[in-house]
Structure formats: C-alpha cells, structure tokens
Protein chains: 2
Amino acid sequence: MPPQHQVTLAQVAEAAGVSIATASRAINGSTRKVSEEIRVRVTQTAEELGYLPNLSAQTVVKGASPTVAVLVSDIADPYFSAISSGIMAAARQAGLMVTMATSERRSADERDMIRTFRSQRPRAIVVVGSRWDQDPQAAAIEEQLAAYQQAGGRVVLVSQGPSPFDLVEIQNFEGAKALAHALVDQGGQRFGVAVGYRRLRTNADRLAGFTQGLAERSITLKEEAVAEAAFTRDGGYAAMRQLLERGVELDTVFAASDLMAFGAATAMREAGVQPGAQIGLAGFDNIALTEDVTPALTTVDAPLGEIGRRAMDLALSEGTEPRTVEVPTSVILRASTPRR
Amino acid sequence: MPPQHQVTLAQVAEAAGVSIATASRAINGSTRKVSEEIRVRVTQTAEELGYLPNLSAQTVVKGASPTVAVLVSDIADPYFSAISSGIMAAARQAGLMVTMATSERRSADERDMIRTFRSQRPRAIVVVGSRWDQDPQAAAIEEQLAAYQQAGGRVVLVSQGPSPFDLVEIQNFEGAKALAHALVDQGGQRFGVAVGYRRLRTNADRLAGFTQGLAERSITLKEEAVAEAAFTRDGGYAAMRQLLERGVELDTVFAASDLMAFGAATAMREAGVQPGAQIGLAGFDNIALTEDVTPALTTVDAPLGEIGRRAMDLALSEGTEPRTVEVPTSVILRASTPRR
DNA sequence: TTGAAAGCGATACCAG
DNA sequence: CTGGTATCGCTTTCAA
C-alpha cells in the first residue's frame, strides 16, 4: 500500500500561525471556543492547503469511526440492493459512511467479515439476511456480534427473531398467510409452492404462513405440491420444473420470492403453460419490475427501502434493550393471478 | 459516538510477557523475525483475549487504509449493483474492505463524497457512472480525484474517455451500432429510440452508435422518432408514451437501457401494443431478468460483473500511466425482436 | 531475535 | 479563548 502524503493539521496550524490545538478546534470544534477571526483564518488556510482531516487519526483517539458496516448476502440481488439503498440513504443523512461486504450466503465467511468489521470500530453493524436453522456458524457469529456490542457498538439484524440484538423483522408468515387468503378468495383451489431451502428461516416462515392461510380456508397443501430449491431465480426455475414433472394438478403457484417467481414463470412457459392463464403465479417482496413483466406479478409487498431506513434508525438510536421493529407486508394482486 | 473499549496490543503483549513491538511483529509481522515459540504464544494470547487489531491505528501509521472506496449513482439499479458485486468480489479476494456511497446522480454530492472518501485514505477510489456533458461540477470532481492520485492513491473510472485516470469503458457506441445492424438484418425498417437524457454520455453514445448503425444500412433515424426522458425505468415508460403519442410509425424501438426497455414495454401494453409483435423492442446492458420477461428482451450484453472486476484489477495494479480497458459488448437477439 | 522509544495525525485536558 | 502536552493504538527504526 503506497503511503499517501497529505496535508496535516500541523501544517495548517503552522501556516495559519496558531497552535495545533486551536487549529483542531477551529476545524472540528466540538465545543466551539474559537474567536471568529481565528476560525476564519484557519479554515481558509485549510482550504487553500487542501487539508482533509485524517479520519483514521480521529477514530484512534475517539475510539469509534463515523461508519456503519453492512453485511448482505448478495448485493446483485434486487432484494438486498433495495434494502442497502435505504440503509445508505439513511446513513448519508446521519453523516455516516458505509462499509459494505457480501457474504454470498457462506456463513463461515460471514463470521470473518464481522471480525474485519469490528477491526474498523464502526458505530454500528447491520446484518441483512435470513437466519439458517442449524447453522454451525451461528454461535460464532453471534459471539462476535455480542462482543462488539459489549464493547459499545450497536448491532442491528434484518432477519428473524428471537434475537438478542435490535431486529427488523419482515412479516413473512403473516404476509404469506394473507396471500393465501387472497388467492383462495379469487377462486384458487389447487395450490403449489416453489420454495427456497427451508433451512433458511425466510422460506420456512413463508411456507408455513401460506400453508396455514390455506388451512384456514380448509385447503390442505399436500407435501407433493411443494418443491424446494435454491432461493434464487434459478431455484425458482428448478422448483417449478419439479412441480411440472411431478404432474401435480395445479391452478396456482406461490413462489417464495419474486426472483423465484420469475424463474418459475420461465419454466412454465418452456413447458407450454402460460403463467396467469392456466396456472396463476404469485411471488413475495415486490421488487422492481414485478409490475413490468407480463402478466404483472401478484406479490406480497415488503417495503424494502423502508426496511433499510428502519434498520439505520435502530442503529442510530441509543436504547440498551434490544428492540424489534415489525415491518408489515401487504398483498398486491395483479394479473398473474386472475380471478377464476 | 460511544467510545468502544477493546483489547489492545499492549494488553496482549503484557499478558504474553513480551514487548509491544514483539507482539506487533508476531501478529502482523511484515518481515517475520519472531521465534516460532513466541509467535505461537502471542497469537494464542491474542485469541484468548479476543484481540482485534485496530485498523485505524494501523492506517494512521501506515498512511493508507486497506480499503477501496466505491461511488455509484444508485445501488438499487441492477446495472450498478451488478458492477458493485463484481467489485466487491474482487476486493475481497485482494483482502480489501469496500466503503461505498451513492451519489444519486447529483454531481454536487459526488464531489463531497469524494472528499469524504479521501479522508479515509483508501487505497483506491472507483467511480462508476456516466459522465455528464457540461457538468458544472466536473472540474471540481476531477480536481479532487487528481489531488488524491497525486497523494499516492489510485483512481479508476467506469465511464467514458478521454480520462486522465484509469478507465474501464463500455463499448456503448459499438454495441448500439452492432445492434442496429442486427435489427435491420432481421427486417426492421422503421425505428424509434427511447433514450435517457443525452447530457449523459452513455445515452449520447448509444444513440449515436445506433444512428450510425442504421445509417450504414441506409436508414435515417428521424429526430421525431427519438424520445428523450430520464435514464430509468420510468423514463423508458415516459419516452415510449411520447413516441406513441407522436404517432410515428414504428416497427422497432431501441431503448437505451434494459431498465428503460422494461418501462417502454409497459407503456406499449397500456396502449394496446404487444412488444415483440406489432413493435419490436430492444434494450442495452443485459441485466438480470431480461431472459425471464415475455417476450424475452433483445439486448446488448455488457458483462457487468466483469466490468467491476476489471475496475478492481486496475485499482490494484501499479502502473503510473493512465490506462483504458475497453469492455466489449455483444448483441443478444431474443423474442422481443422477431424476424420480420 | 527482542525491547525501548520515536513517531503517525488528531483530540482533549489542563494551565495560562 | 489559546497553547502545551499527554494520549489513542500501532508500526518501525535503532540498539542491545
């Protein structure tokens, strides 16, 4: 790493003919006790010299950096990028920088990244991503986060409870349940589900909610009508193919995410089935473009940008007790699930 | 910002019964001159105590932080998130952290963010986003970047040339030209274009390439067949509406990005026109989901992930002369532009 | 190979 | 209000 020589505070002080202490107060005066005249002179000198405060030096003495660290599974996934967008907007308003890393859903890496984050002494660490059942790394990760919190940092999870940390929780169960109701009300009777791996809590919850929603309308979701694959576009494609190959009779398919739904739609078409015609299709999340596809995709809206903002709110707040923010979801019916 | 008390190197040294200097060498020994026995003892003690190096302190003394700063216009846009994903993957391999900010296409903010980046003393700054013609802030931004480079940092732009910095350039002109050829070869005759604001170089280049491609096939693109709006999904929608309202006769529309194409497709449908049937539609970028929409979208592939990786390659390389990497594009014909 | 000590850039306490 | 100085956590000469 080539060292970068920069203008230092000492140089500014010297050029302005004041002490370092005064220069510091003039430029970053916490309790501004500097005569206006000097303040102007120093800031001008700083400007002329192109002085930029060394954030690291400030961090060393202050003990924490004006930064929030964000860990997401995959930034190319519109779900995560929308949440990240909300986080970054809120961070900017709060005058914080964002350092970001992607775990690519490998929880071993996740632990390492959190260690690296801790080295940065950020003001908060936000982890976005579903919890895994029986994750062998879960304990190690939680330990890292707990130690960080112990040391005075704030931890916010966008995930599922229960959690010893601040938590933003999407109503996966409730949303899926409401969707089931809506779809039955539209005349759906034979349901199938394309779900991501159930070890991911998000999938388990959405499936459970959907199942219960159907049950409340006296419809039993048969196990053979549930196909499981990766929680991605390709997984949706694969799961839909499974369903089609199994020959289960279906009039409506629920995909556990919009991305899976997109893949599922393509699988249907390849099999000569028109989504929204022979078989209805619904997703979850309401990511961008769900309105632009044909037929427009029925889905459960999760306000992703707001989720990011809420996470930052928690990160910036002071409380000591871990709090949970429930983010409500709402069903959006579109052409992909016509009334029958 | 609550100070965070953490285990320090001094504590580790004390607990291990060695000097701070030795502890430092044992844990981060650049030139490893520590006896194996001590090394083991120190690292174990560090582990037990939960020691984490203070990155800021290291940065202060080393003069630069193991970080690359990335500025993108909008992380929620799949174009940028795909590039970011490539950058982050490459950064991780190189053992660098990523600090990220979004300018939201406001170039005044852009300048400020670069200043803030500089305060971090990152190893490199990567700016992703099209250049504006007559951008009043352009000079100020370039000045910031130049000063940063002067001080030993590396600057990489993912943008358009000419540039005094390292540059990753997408072949917008060539790609659009090739697309024009392909569409004419398929029998297209009456072309329209939905383009983003032309002050954005990306749009100007894509439009110019497309126009020239048509010209090379003896087709003149009339000005009335070009509609200009925001370089977003909504802009595509608006531009397409303009075209339709103008009543220009069209058999094929080129949208300057896939996102614009998605919006344009919806506008067509609302007007009772089937994209891919009455009017063909093509985009640019080949973002995710272009294959999953109906009809699948013809587009120009820009390898977004690779663009990010290339940018990092440049950021990590040592050379002093500014270099340019041209990233080739390729036409992908799909159902949205059927043979006529 | 190890340790003592001099910085790195900035803040904040304590006098003046 | 201003200046001198100890301090933050760590790396890196310079001796031993």
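Residue numbers begin at 1 in each chain, while the letters A, B, ... track the order of the sequences.
Note that the two end axes of the helix from C/dT1-D/dA16 to C/dG16-D/dC1 enclose an angle of 40°, each drawn from 5 base pairs, rounded to 10 degrees.
Around CD of B/E326, the count of heavy atoms belonging to other residues, nucleotides or ligands within 6.0 Å exceeds 12. No more than 12 heavy atoms of other residues, nucleotides or ligands sit less than 6.0 Å from atom CD of B/E143.
Annotation: side chain to side chain donor-acceptor pair (under 3.5 Å) contacts of B/D135 (sequence neighbours excluded): B/S107. For B/E48, there are no side chain to side chain donor-acceptor pair (under 3.5 Å) partners two or more places apart in sequence or in a different chain. Remark: B/R201 pairs with B/D205 by the salt bridge (Lys or Arg N to Asp or Glu O under 4.0 Å) rule, at least two apart or across chains.
Within the 4.0 Å cut-off from OP1 or OP2 of C/dC8, not a single side-chain nitrogen or oxygen of A/N54 is found. Within the structure, every side-chain polar atom (N or O) of A/S24 is placed at least 4.0 Å from both OP1 and OP2 of C/dA10. Dashed line: the shortest gap from a side-chain N or O of A/T22 to OP1 or OP2 of D/dG3 is under 4.0 Å. Taking side-chain N and O atoms only, A/Q58 has no distance below 4.0 Å to OP1 or OP2 of C/dA10.
In this structure, the side chain of A/R154 engages the main chain of A/G319 through a donor-acceptor pair within 3.5 Å.
The list of salt bridge (Lys or Arg N to Asp or Glu O under 4.0 Å) pairs with a residue in residues 68-96 of chain B, not counting sequence neighbours, reads A/E104-B/R92, A/D109-B/R92.
Near-neighbour residues of DNA chain D inside residues 12-19 of chain A, defined by a heavy atom below 4.0 Å, number-ordered: A/V18, A/S19.
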